[in-house]
2 protein chains.
Amino acid sequence: MRIDPQSPADLSAQIAQAIRDAIISGRLIVNQRLPSEAELADQFQVSRPTVREALKRLAAQSLIRTQRGASGGAFVNRLNFEDLYSQQITTSTLLLSMNAVSFDTACEARYALERACAPLSAQRRTADHLATMRAEIFRQSQPGLTDEAFCASDVAFHRALVDGAGNPVLSYQLAGAVEAMQPLMNMITFTARSREEIIALHSDIADALEARDAGTVDAVLVKLELYTRQLAQDVAERKRKPA
Amino acid sequence: MRIDPQSPADLSAQIAQAIRDAIISGRLIVNQRLPSEAELADQFQVSRPTVREALKRLAAQSLIRTQRGASGGAFVNRLNFEDLYSQQITTSTLLLSMNAVSFDTACEARYALERACAPLSAQRRTADHLATMRAEIFRQSQPGLTDEAFCASDVAFHRALVDGAGNPVLSYQLAGAVEAMQPLMNMITFTARSREEIIALHSDIADALEARDAGTVDAVLVKLELYTRQLAQDVAERKRKPA
DNA sequence: GACTTTTAAATGTCAGACAAATAAAAAGTC
DNA sequence: GACTTTTTATTTGTCTGACATTTAAAAGTC
């Protein structure tokens, strides 16, 4: 692992990249301890604060974890989906809030992904997944529910659908898409409440999944997508020309 | 923006989270300049190195960029897909190489996502996308091509298919899945060369996309998935019992 | 007015120090 | 000897203060 002191890039960025490469290439393996900060500083011929900045960069990507104390140090982290979920959600939320992608584009991607999960979920969903979905549908039909709680339940419902596919990669990919849209969906439900319709569609999905009927699930998801995008469009128009 | 000095978490992590929250909530908007490191240190009542570690964490996630010199500083970054692609690829590659997910699971997710793009791509692909795909097919059929180059071309082909959907979110999600599998696919093609079959399937896809026939694209992708997973399984078995 | 020089502000880097946590080793106790 | 307590060494977390480097704007010069 070497760096180029003449490079215009920050030393800490170079060091982070060098260590990252070592992890990706397998020269550093999971749970292996990196040299101490002092040793790394010596090795790269930089000061300890510079090394620390590099390590913080890697920690931000969950590539390493650090422990204090004797026999502490920085260790190569085994990536787990928990960490990745939250990062994915943060990224997706920002993409939407910064207008880097339109709601329509995000919505299309979200339902495309969800429909990709549907056949797998119809095939593999367990009784647990079904029970979760039924429970969320029941919660959604409670009259006193706040809009926020309804949206959270909506997210949980779709989460169960996706998890039913039994593929953590798909779950991870969709976590961002679904959760990132919650704030915007919230805004929509505030103005255009139509819970009955959504609940009915959710019930259709649960029924179809119970019957392992992938085709129907897909069809209902298409309906739900159209409905969502229509609502978003209505809200957008109402905003442009407020009565 | 406040932090809790009593919290067990690192101060730099807390500060990073506080700034991250401010960006997500919209209190800090794109291209807005953050206070200087000295001001932030004063505001959070910590030292400048601690602030710097926090900023490096955010920089690692592409949330901010820094400029040196007068009127320099840290600025809220508009997320762009270029940055996100490479992060996604790094993450996906590590997930695979660390055995956090099996090749089979990754493969299933990858083709599920790709099939989700197929109908959109059949509808929206431009002549450009088709030309790219044809060019890659032609390259793949050149006899002198190395295995690495064949794989790279394979990636480029599928990239064009996905990009044809015209949805950057889907492209971004798939970038990781497809590119991360390249090294492993490489390994497979080394042992079980069967380029003709793959090229034939690629041609079928291009033809179907030209005819805007989503159903056929989907069917061919299913074939390709089965073929890929069969190959992977064969290689795995051969490894377990090496003749 | 156009060009050059100076200046100030900001990040990048360094050195050295101390605090706090932690595990291992050492000492003490029964 | 086995267990508990204390000590110690190691390592990260944080601070202070300093200097180098970059850069844009201000000042100066022709």
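Just so it is clear: chains get the letters A, B, ... in the order the sequence lines come, proteins before strands, and each one is counted from 1.
Checked by atom type and distance alone, the side chain of A:Ser25 pairs as donor or acceptor with a backbone atom of A:Asp21 at under 3.5 Å.
Distance, A:Gln45 CD to C:dT13 P: 15 Å, rounded to whole Å. If you take CD of B:Glu39 and P of C:dA10, they are 6 Å apart, rounded to a whole angstrom. The interatomic distance linking B:Arg52 (CZ) with C:dA10 (P) rounds to 14 Å, in whole Å. Residue B:Lys56 contributes atom NZ, which lies 8 Å from atom C1' of C:dT11 at whole-angstrom precision. Atom CG in B:Asp42 sits about 12 Å away from atom P in D:dC15, given to the nearest Å. Spacing between atom CG of A:Asp10 and atom P of C:dC14 amounts to 11 Å, rounded to whole angstrom units. The CG-P distance, from B:Leu11 to D:dT16, rounds to 12 Å in whole Å. Following rounding to the nearest Å, A:Glu37 (CD) and C:dA17 (P) show an atom-to-atom distance of 18 Å.
Take the nearest nucleotide of DNA chain C for B:Ala38 and for A:Thr50: the residue whose nucleotide is more 5' is B:Ala38.
Within the 4.5 Å cutoff, side-chain heavy atoms of B:Gln61 are placed close to those of A:Gln87. Using a 4.5 Å cut-off on side-chain heavy atoms (C-beta onward), B:Thr228 and B:Tyr111 make contact.
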- Query: After noting the C-alpha distance and the side-chain angles of B:Thr126 and B:His129, does the key distance pass the side chain to side chain donor-acceptor pair (under 3.5 Å) rule?
  - Reply: CA-CA 5 Å; B:Thr126 64; B:His129 294 124; 3.2 Å; yes
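With both pairing distances under 3.5 Å, D:dC30 is matched to C:dG1 as a Watson-Crick or G-U wobble pair.
Checking C:dA15, C:dA10, C:dT13 against every side-chain atom of A:Pro49, the shortest atom distance belongs to C:dA15.
Taking the charged nitrogens against the carboxylate oxygens, B:Lys56 and B:Glu53 have no contact shorter than 4.0 Å, which rules out a salt bridge.
Residue pairs meeting the side-chain hydrogen bond (donor to acceptor under 3.5 Å, both in side chains) criterion with at least one member in residues 66-78 of chain A, sequence neighbours excluded, are A:Arg65-A:Asn77.
Using a 4.0 Å heavy-atom distance criterion, B:Arg65 is classed as making no nucleic acid contact.
Between B:Arg48 and D:dT16 there is no side-chain polar atom (N or O) within less than 4.0 angstrom of OP1 or OP2.
The stretch residues 66-75 of chain A touches DNA chain C through A:Arg68, A:Gly69, A:Ala70, A:Ser71, each having a heavy atom within less than 4.0 Å of the strand.
Between B:Ile19 and the choices B:Leu63, B:Val76, B:Leu55, the side-chain contact (heavy atoms from CB on, under 4.5 Å) rule is met once, by B:Leu55.
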